[in-house]
Engineer: 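Got a structure here, written out as structure tokens. Questions coming.
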Amino acid sequence: MNKKKATLLLADGTVFTGSLVGSHGTNGGEICFNTGMTGYQEIYTDPSYTGQIIVNTTPHIGNYGVVEEDEESDHPLIAGIVVNDFSEIYSRLDAKESLQGYLERHGITGIADVDTRKLVRHIRSKGAMNAIISSEIEDLDALKKELDKVPDMNGLELSSQVSTKTPYYHGDEKAKLRVACVDYGIKKNILRCFAEREVYCKVFPARTTFAEMEEWKPDAYFLSNGPGDPAVMEYAVNTTKEILDNNKPLFGICLGHQLLARACGISTYKMHHGHRGLNHPIKNLITGKSEITSQNHGFVVSREDIDLSDKLEITHLHLNDETVAGIKVKDKPAFSVQFHPESSPGPHDSRYLFEQFISLLKN
Ligand SMILES: NC(=O)CC[C@H](N)C(=O)O
């Protein structure tokens, strides 16, 4: 076990020390915690976490290694991990590599042997903030200088960095339904959920125009999840407005949901410390049933703005804090959710939303 010392410094001056995991180095980002008890590889490779340091509240990380099928993108884009008990030993029949080897190979620096319960309580009371992990710099003033260089998540556009550079296809070419997916940082399992339901997808770079996507003659549009602040994605909001103006069926997940709201004139804001985990309860206001959902977001759409607007209807509410978890555009075939129905990792309660979208575009 690598027992090289590492330091975690938070923007408010709080320091935690522990041991290095992953790659020797220094890395900063916004610190946030995920309460999922499984699924570390899917979480680390979800492009929505770009530029963030993930604290896993589940104490034991690494014990089942990594497998290629669990990748939600081609490689991890996170700015680091903070864990309690890190295991280099893994026991899973089909695992090919240890998490240690994987993190090292991808240049991700992490810190273990941290009292993650204390750290999470601190983030819960003080709110989201930047942090830095280093196994190189021990001097706190020098580390603080590096931390000051880390950009604020508020006002940060990251989708253009993580989006595909060229369009690609997913699924069966002969499938009857064709969905144009705008890649703001798409998770692979969303494409799998479409393919399983006989939908053929063409995935477009984030800055593709509506006219360019129309050339492929899609039946509908999908706006993906992704990292960063939706408030500074003017280009994406404009594309969404064009999709709506042309009455095309539209489905959005997470960042895609925030973009749909913004295209309808609703503002978004940064939450105190966000929702990240696999057991977030939401209520479907149409069916009256609750669903346990997978979530990963730091921003949210304004419920006050929706209440004042005549364009949107709230379809889902988060039961912990009554924030907006789903919306529908009143006179258009367009809807979106703040949570992750593709849930990789997470429960499958909300997979019906893919069927709901497909029936919408069949009509
Ligand atoms: N999973 C996502 O799509 C995240 C959306 C957005 N970046 C947020 O943090 O709220």
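Numbering of ligands and ligand atoms starts at 1, following listing order.
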Engineer: Taking both backbone and side-chain atoms of R276, is any N or O found less than 3.5 Å from an N or O belonging to ligand 1?
Structural biologist: no
Engineer: Write down the atom of H318, the atom of I282, and the distance for their closest heavy-atom approach.
Structural biologist: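 So the two residues come closest at CA-CG2, 4.0 Å.
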Engineer: What's the shortest distance from atom 1 (N) of ligand 1 to any protein heavy atom, and which residue and atom give it?
Structural biologist: N296 O, 2.9 Å
Engineer: Step by step, would you call Q338 with Q258 a side-chain hydrogen bond (donor to acceptor under 3.5 Å, both in side chains)?
Structural biologist: CA-CA 7 Å; Q338 183 63 79; Q258 297 164 350; 3.3 Å; yes
Engineer: Please identify which atoms of ligand 1 are closer than 4.0 Å to at least one heavy atom of G298.
Structural biologist: 8 (C), 9 (O), 10 (O)
Engineer: By number and element, which atoms of ligand 1 are closer than 4.0 Å to a non-hydrogen atom of H297?
Structural biologist: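 That gives atoms 8 (C), 9 (O), 10 (O) of ligand 1.
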Engineer: What are the atoms of ligand 1, with element, lying closer than 4.0 Å to any heavy atom of Q258?
Structural biologist: 5 (C), 6 (C), 8 (C), 10 (O)
Engineer: Can you list the ligand 1 atoms lying under 4.0 Å from a non-hydrogen atom of H340?
Structural biologist: 1 (N)
Engineer: With heavy atoms only and a cut-off of under 4.0 Å, state how S48 meets ligand 1: side chain, backbone, both or neither.
Structural biologist: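 The answer is the side chain.
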Engineer: Identify, by atom number and element, the atoms of ligand 1 in contact range of F299, meaning under 4.0 Å from any of its heavy atoms.
Structural biologist: 8 (C), 9 (O), 10 (O)
Engineer: Considering only non-hydrogen protein atoms, determine which one is nearest to atom 2 (C) of ligand 1 and report residue, atom name and distance to 0.1 Å.
Structural biologist: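 Ranked first by proximity to atom 2 (C) of ligand 1 is C254 SG, 2.9 Å.
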Engineer: Under the rule for side chain to side chain donor-acceptor pair (under 3.5 Å), what residues qualify as partners of S343, not counting sequence neighbours?
Structural biologist: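 By the side chain to side chain donor-acceptor pair (under 3.5 Å) rule, S343 matches R351.
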Engineer: Testing the basics here: between R262 and T268, what is the closest heavy-atom pair and its distance to 0.1 Å?
Structural biologist: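 Scanning both residues, the minimum pair turns out to be NH1-OG1, 2.6 Å.
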Engineer: Could you tell me which non-hydrogen atom of K187 sits nearest to which non-hydrogen atom of S344, and how far apart they are?
Structural biologist: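 The answer is NZ-O, 3.2 Å.
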Engineer: Is a donor on one side and an acceptor on the other found under 3.5 Å between the side chain of S309 and the backbone of D305?
Structural biologist: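 Answer holds: no.
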Engineer: Hey, can you tell me if H75 and H106 have their rings parallel, tilted or perpendicular (30° and 60° cut-offs)?
Structural biologist: parallel
Engineer: Which residues pass the side chain to side chain donor-acceptor pair (under 3.5 Å) test with Y40, sequence neighbours left out?
Structural biologist: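 In terms of side chain to side chain donor-acceptor pair (under 3.5 Å), with neighbours along the sequence ignored, Y40 is linked to no residue.
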Engineer: Could you walk me through whether D94 and R92 pass the salt bridge (Lys or Arg N to Asp or Glu O under 4.0 Å) test, one step at a time?
Structural biologist: CA-CA 6 Å; D94 49 357; R92 183 183 183 180; 3.5 Å; yes
Engineer: So if I count the atoms of ligand 1 from 1 in the order they appear, which ones are less than 4.0 Å from some heavy atom of L255?
Structural biologist: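 Close to L255: 2 (C), 3 (O), 5 (C).
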Engineer: Has M153 got any heavy atom lying under 4.0 angstrom from an atom of ligand 1?
Structural biologist: no
Engineer: Considering heavy atoms of the protein only, find what lies nearest to atom 5 (C) of ligand 1 and give residue, atom and distance to 0.1 Å.
Structural biologist: G226 O, 3.2 Å
Engineer: Quick test of your reading of the structure: of G256, G228, P47, G274, whose heavy atom lies closest to atom 6 (C) of ligand 1?
Structural biologist: G228
